[in-house]
Every structure is written in C-alpha cells, then in structure tokens.
Amino acid sequence: MRIGELSRRSGVSSRALRYYEEQRLLRPVRRPSGYREFSEDDLDSVRRIRLLLAAGLGTAMIAEILPCMVEGNEGLAAGCPELLDALGGEHDRIAASIAELESARTLLARIIATPVPTPG
DNA sequence: GTTCTAACA
DNA sequence: TGTTAGCA
C-alpha cells in the first residue's frame with residue numbers, strides 16, 4: 001500500500017510515516033515511480049511504534065525493539081533478553097522523573113496553601 | 001489526485 | 001510536526 005493508505009488506516013500522518021522511515025523504524029520498498037510501498041506488517045509496526053513512543057522511548061531504542069516484537073502481541077519476543085536491561089533503565093528513568101515531579105507538586109501545593117502574614 | 005523532496009515556521 | 005513549493 002502507498003503512504004496515503006497506511007496513513008488513513010493507522011491514523012498517523014504521512015509526514016510522521018516518512019519520519020519513521022528516516023529513523024529506520026520502517027523500511028518500505030520503493031516503486032519504480034519512487035513511491036514508497038508499505039506491507040501489511042507495516043501497519044502493525046506503526047501501531048507498535050506509537051505504543052513505544054507513548055511509553056516514552058526514543059526512536060533509536062524503538063528501532064532495536066521493533067524486530068523483537070511478534071505478531072499481535074505487544075510484548076517482547078524471547079529472542080532478545082538484552083533489551084530487557086535497557087527497558088529496565090528506561091523504566092527507572094521514568095520513575096525518577098515522576099518522583100521529581102511529585103516533589104515539585106508537593107512543594108507548589110505547600111506554597112499555594114501558605115497564607116501571607118498580614119502586616120500588623 | 002497522490003506522492004516525492006526540501007525547507008520553513 | 002504541519003505546511004508549502006515545485007515536480008512527476
């Protein structure tokens with residue numbers, strides 16, 4: 001299928017799909033016309049890419065993970081255990097970010113709740 | 001009309 | 001990432 005169809009079926013803009021190719025997340029073949037030709041599997045790939053992006057992963061990491069995912073599943077294939085370490089690191093980074101944000105929120109709430117001393 | 005690349009906002 | 005220009 002061409003980029004327009006994949007875009008419609010995936011709900012992802014053609015601009016984004018070209019970007020994913022540039023980031024080597026997708027490898028469509030080229031027709032003699034120069035048009036990209038995507039496979040049915042690419043539709044699943046796009047869904048996974050969106051899932052992984054939503055999980056806060058960068059395109060480089062996603063490029064490594066994608067080949068390790070199988071069929072309709074969103075889990076990792078047994079073949080790439082080394083990725084679990086990297087993902088664990090990502091998980092920890094997110095946890096650290098959450099902790100910082102919670103701290104900031106608590107501080108802000110305290111500042112908001114603290115009454116200004118009235119002169120006198 | 002659709003897609004392509006490149007470039008700008 | 002959206003949009004636009006100029007092609008094929």
Side-chain angles (χ1 to χ4, degrees):
Chain A
M1 74 188 89
R2 288 178 307 181
I3 197 167
E5 182 180 348
L6 181 58
S7 176
R8 270 188 296 95
R9 291 220 265 159
S10 64
V12 174
S13 70
S14 52
R15 175 73 169 82
L17 294 175
R18 292 191 186 101
Y19 176 70
Y20 296 160
E21 180 195 30
E22 189 179 296
Q23 298 301 304
R24 319 216 128 165
L25 267 31
L26 297 175
R27 327 282 297 209
V29 298
R30 292 299 181 128
R31 290 182 166 185
S33 60
Y35 288 6
R36 295 169 179 78
E37 182 65 25
F38 295 93
S39 66
E40 287 296 320
D41 286 345
D42 286 329
L43 180 56
D44 293 294
S45 291
V46 172
R47 295 188 177 125
R48 288 173 185 147
I49 289 168
R50 301 300 289 207
L51 175 75
L52 295 169
L53 284 174
L57 302 179
T59 54
M61 178 78 354
I62 294 177
E64 293 188 81
I65 297 174
L66 228 41
C68 291
M69 300 182 84
V70 182
E71 299 180 21
N73 203 308
E74 69 175 29
L76 261 50
C80 340
E82 71 282 1
L83 281 177
L84 260 30
D85 283 338
L87 292 179
E90 289 295 325
H91 179 279
D92 291 348
R93 268 189 284 285
I94 291 174
S97 293
I98 290 174
E100 285 187 17
L101 286 170
E102 282 183 336
S103 175
R105 181 182 59 181
T106 300
L107 244 28
L108 199 51
R110 201 175 83 202
I111 291 169
I112 292 171
T114 301
V116 178
T118 344

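All values below were derived from every heavy atom in this structure, side-chain atoms included, with hydrogens, water molecules and symmetry-related copies excluded. Every chain is numbered from 1 and lettered A, B, ... according to where its sequence line falls, protein lines coming before strand lines.
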Nearest heavy-atom approach of Ala55(A) to Ile94(A) is O-CD1, 3.5 Å
Closest heavy-atom pair, Met1(A) versus Ser39(A), reported as atoms and distance to 0.1 Å, is CE-O, 3.5 Å
Under 4.0 Å, counting only non-hydrogen atoms across every strand here, what does Ser33(A) touch: a base, just sugar-phosphate, or nothing? nothing
What does Arg2(A) touch in the nucleic acid at a heavy-atom separation under 4.0 angstrom: a base, only the sugar-phosphate, or nothing?
sugar-phosphate
In whole angstroms, the gap separating C1' of dT2(B) from CZ of Arg31(A) amounts to 11 Å
If you define the side chain from C-beta out and look only at heavy atoms, does anything of Glu64(A) sit under 4.5 Å from Glu82(A)?
no
Exercise for review: Report yes or no: do Ile62(A) and Leu84(A) belong to one cluster of Ile/Leu/Val/Met/Phe/Trp/Tyr joined by side chain heavy-atom distances under 4.5 Å?
Suggested key: yes
Rounded to whole Å, the CZ-P distance (Arg18(A) to dT2(B)) equals 13 Å
Give a yes/no on whether any side-chain N or O of Arg30(A) is located under 4.0 angstrom from OP1 or OP2 of dT5(B).
-> yes
For DNA chain B, the dot-bracket notation using Watson-Crick and G-U wobble pairs below 3.5 Å, [ ] for pseudoknot-type crossings and | for other-strand pairs, is .|.||||||
Of all heavy-atom pairs linking Glu21(A) and Pro28(A), the shortest is OE2-CG, 3.3 Å
*Would you say Val46(A) and Tyr35(A) are hydrophobically clustered, going by side-chain heavy atoms of ILVMFWY under 4.5 Å?*
no
Scanning both residues in full, the closest heavy-atom pair of Ser7(A) with Ser14(A) reads OG-N, 3.6 Å
message: With a 4.5 Å cut-off on side-chain heavy-atom distances among I, L, V, M, F, W and Y, is there a chain of contacts connecting Leu53(A) to Leu6(A)?
response: yes
Between CD of Glu21(A) and C1' of dA6(B) the distance, given in whole Å, is 15 Å
In whole angstroms, the gap separating C1' of dT2(B) from CZ of Arg8(A) amounts to 11 Å
On a heavy-atom basis, the closest approach of Phe38(A) and Arg2(A) is CD1-C, 4.1 Å
Taking only N and O in the side chain of Arg36(A), is any of them less than 4.0 Å away from OP1 or OP2 of dT3(B)?
no
So the contacted stretch of DNA chain C, first to last nucleotide with an atom under 4.0 Å from a non-hydrogen atom of chain A, runs from dT1(C) to dA8(C)
Sorted by position of nearest nucleotide on DNA chain C, 5' first, the leading residue of Tyr35(A) and Leu53(A) is Leu53(A)
Between CZ of Arg15(A) and P of dA6(B) the distance, given in whole Å, is 12 Å
